[in-house]
There are 2 protein chains.
Amino acid sequence: MAIESFDTSAVPTLVPRQSSRRSHALFVALQKDIVLGDLAPGKALTELDLAQRFQCSQSTVREALMQLHEEGLVIRQPNRGTHVAPCNADDAAALLRIRHEVECSTLDRVVARTDEPLLADLRNLLNAMRNAARDADEYLLSVYDRAFHLRLFETADLPLVTPILTRCLIHNHRYKIQRSQPNRALEETAERHVPIIEALAARDAPALHRLLSHHILTIVDFGPDLTLQGVST
Amino acid sequence: MAIESFDTSAVPTLVPRQSSRRSHALFVALQKDIVLGDLAPGKALTELDLAQRFQCSQSTVREALMQLHEEGLVIRQPNRGTHVAPCNADDAAALLRIRHEVECSTLDRVVARTDEPLLADLRNLLNAMRNAARDADEYLLSVYDRAFHLRLFETADLPLVTPILTRCLIHNHRYKIQRSQPNRALEETAERHVPIIEALAARDAPALHRLLSHHILTIVDFGPDLTLQGVST
DNA sequence: AACATCCTTATTATCGATAACGCAAGGTTG
DNA sequence: CAACCTTGCGTTATCGATAATAAGGATGTT
C-alpha cells in the first residue's frame, strides 16, 4: 500500500537554516555525530585534522567547534584541544529539570501570544516528525522535535533564555538517543505532540501546563524517580 | 584611620583566568563594558573596527565576540553583524528563576561534597568582595560574586550545567547594575554571603537552602512580585 | 636516583589578505 | 508606475601561513 507523506513544504524555514557557511555545515555534521554517539565522549577533535577531513581551513573548523562549545557538546581547553563532552545521567537529569522550568513557567506568555501562524508551524513540524518517524530516522525526528519546542518557546519572546532551552533540548535528545533501544516506537514520539497542539489551539493554559509538564518529565526514564524529585507538576 | 585589607592572595586562581590570549583579554574588556552599560543595548560592534581599536586582527576579535555570544551578551547574525544584546526585565526575571532552580535544586549534592578547600575558597572570595566593596568598585564586586556562586556550584559536579549558571549570573548582574542607584551599599552585598558560608560549614542543608533561595530572590527587586510568582522557596 | 632544564612535537592562537554575502540605492525594462 | 535587475558598499566568512603555547621526553647535573 502507498504510504502517504505529510506535507512539510513549510518546514525548512522553521529549522535552523543550513546556511551556505561552511562552518555551519561542519557544525551541523559534527553535532549529528556527537548526538548519535558516533563521536564518543572524550574523543579529541583537532582542528587541522578536521580541516583536512572536511576540506576547509582551520579557521572554519574553529568556528564550528566554538558553536559546538556554545551548546556544550564539546569542551575546549585553551591551547590544549577540543574534546567531545561527557554524557552523564546526573547532568542529563539536571538539564531536564531546567528545561521543565523554562518551558512550563513561561506558558502563560505563550498562550497569551498564540496565533494562527504559530499553530500552523507546529502542525507542520508535527507532520515533519511523522515523516521522520515513518522513515525510522531517529535523528531527524529529534531535529524537528527540538524545532517544535523552540518554536513554541519563541512565542514567549524571551530571547536571552532561548539559548538555554536550546542547550537543554540538545542534551536531552543526546542522552535519550544514546540509551535508546533500536526498535523504539518513533511514531509514538511524534504523536505525543498532538494533545499539546490541541490544548494550545483551545488556549487552555491549565491543560497545556499539565500536558507539557508530563511530556517533558516522561521523555527519559531516569529509573527510580530520584533525580527529578521535587519537580512541581 | 588605616582601613585594613582582607587577604586575597588565593583569589586569582578562583576567577576565570585572564590568560595571555588576546582574544580573552578583549572578551573580558568588552564584557565589562556591556555589563556596566558603557556599551548600550543594540550598539553595533563591527569586527574590523574593534580590531583596529584594540590593535589585533579580525580573527582575534571574532573569537572574543563568539565568547560574548556564548554568554548572550551580544547577538551575532550571519553576514549581518554583531550587536549588544537587549536587557529586558522579562528576560532578567526568567533568568533569575532559572538561576534559582539551578542553584537550589543541587544543594544536596553540594553539601554532600563540601570540604575545607571549598570553604577556604569561599571565604577568600568573600574577602575579595569586601575589598571591592570598600573600594566602591561595583563591577569587581560582581566579578567575585559570580566567582563565589560558581565555585559553590562546581562542587555539585555538573559540568554541562555550569555554563547555564554562568549565563544567568552575568545577566542577573548586568540587569542589577544597570538599574542600581549610585550610592548602593556594596558592603551589604558582600556580607550577605556570610550566613551562606556558615550554613555550608555546618553542613546544614535545610538552612542553606532557605538562605540561598532568599539570597537569590532578593537580588533584584522586580517590584510587585508578579514575575517571580510560583517560585517554591 | 632525583631533579631541574632544554628541546621536540602536537596543537592552538593570531595574523593579513581575499572571497563571499546582504542590503540598499539607483537604474532598467515591461 | 511597478517590478526587476545591477552595482556598490559595508561587513562578515574563509583562507593559508606563521607565531605562541603546553606537555612530555631527552639531557645533563647533583
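Chain letters run A, B, ... following the sequence lines, proteins first and then strands; every chain starts at 1.
- Using a 4.0 Å heavy-atom cutoff across all strands shown, A:Leu45 reaches sugar-phosphate atoms only and no base atom.
- Between A:Phe27 atom CZ and D:dT14 atom C1' there is a gap of 18 Å when expressed in whole angstrom units.
- The ring pair (Phe, Tyr, Trp, His ring centres under 6.0 Å) with B:Phe148 is formed by just one residue from the set B:His193, B:His215, B:His173; it is B:His193.
- To the nearest angstrom, P of D:dT18 lies 18 Å from CD of A:Glu47.
- Judged by distance alone, with hydrogens and angles left aside, A:Gln58 brings a side-chain donor or acceptor within reach of the base of C:dA13, the pair sitting under 3.5 Å.
- Salt bridge annotation for B:Lys32-B:Asp38: absent, with no cationic side-chain nitrogen under 4.0 angstrom from a carboxylate oxygen.
- Heavy atoms of B:Arg76 sit under 4.0 angstrom from primed sugar atoms or phosphate atoms, though from no base atom.
- As a whole-Å value, the separation of A:Asn79 CG from D:dG24 C1' is 16 Å.
- Nearest to the side chain of A:Thr60, among D:dA13, D:dA22, D:dT14, sits D:dT14.
- Rounding to whole angstrom units, CZ of residue A:Phe54 and C1' of D:dG16 are separated by 20 Å.
- Put simply, A:Arg21 has no side-chain N or O that comes within less than 4.0 Å of OP1 or OP2 on C:dA20.
- Atom C1' of nucleotide D:dT18 and atom CZ of A:Arg62 are separated by 14 Å, given to the nearest angstrom.
- Minimum atom distance to the side chain of B:Cys56 is reached by C:dC15, of the listed C:dA13, D:dA13, C:dC15.
- Contact annotation: B:Arg22 side-chain N/O to D:dA20 OP1/OP2 distance is not under 4.0 Å.
- Side-chain atoms of A:Ser23 lie closest to D:dT14 of the nucleotides C:dT14, C:dT12, D:dT14.
- Side-chain proximity of B:Ser20 to D:dT21, C:dA13, D:dC15: nearest is D:dT21.
- Base engagement by B:Ser59 is indicated by at least one non-hydrogen atom pair under 4.0 Å involving a base atom.
- Residue B:Leu48 is the one, among A:Ser57 and B:Leu48, whose nearest nucleotide of DNA chain D lies closer to the 5' end (criterion: closest heavy atom).
- Of all nucleotides listed (C:dC23, C:dA13, C:dC21), C:dC23 comes nearest to the side chain of B:Arg80.
- Computed from coordinates, the B:Lys43 NZ to D:dT11 P distance equals 11 Å when rounded to whole Å.
- Between the side chain of A:Asp145 and the backbone N or O of A:Leu141, no donor-acceptor pair lies under 3.5 Å.
- Between A:Arg99 and A:Glu103, at least one side-chain nitrogen of the basic residue sits less than 4.0 Å from a carboxylate oxygen of the acidic one, meeting the salt-bridge criterion.
- A salt bridge links A:Arg76 to A:Glu47: at least one charged side-chain nitrogen sits closer than 4.0 Å to a carboxylate oxygen.
- The CG-P distance, from B:Leu65 to D:dT11, rounds to 13 Å in whole Å.
- We find that CD1 of B:Ile75 is positioned 17 Å from C1' of D:dT12, with the value rounded to whole Å.
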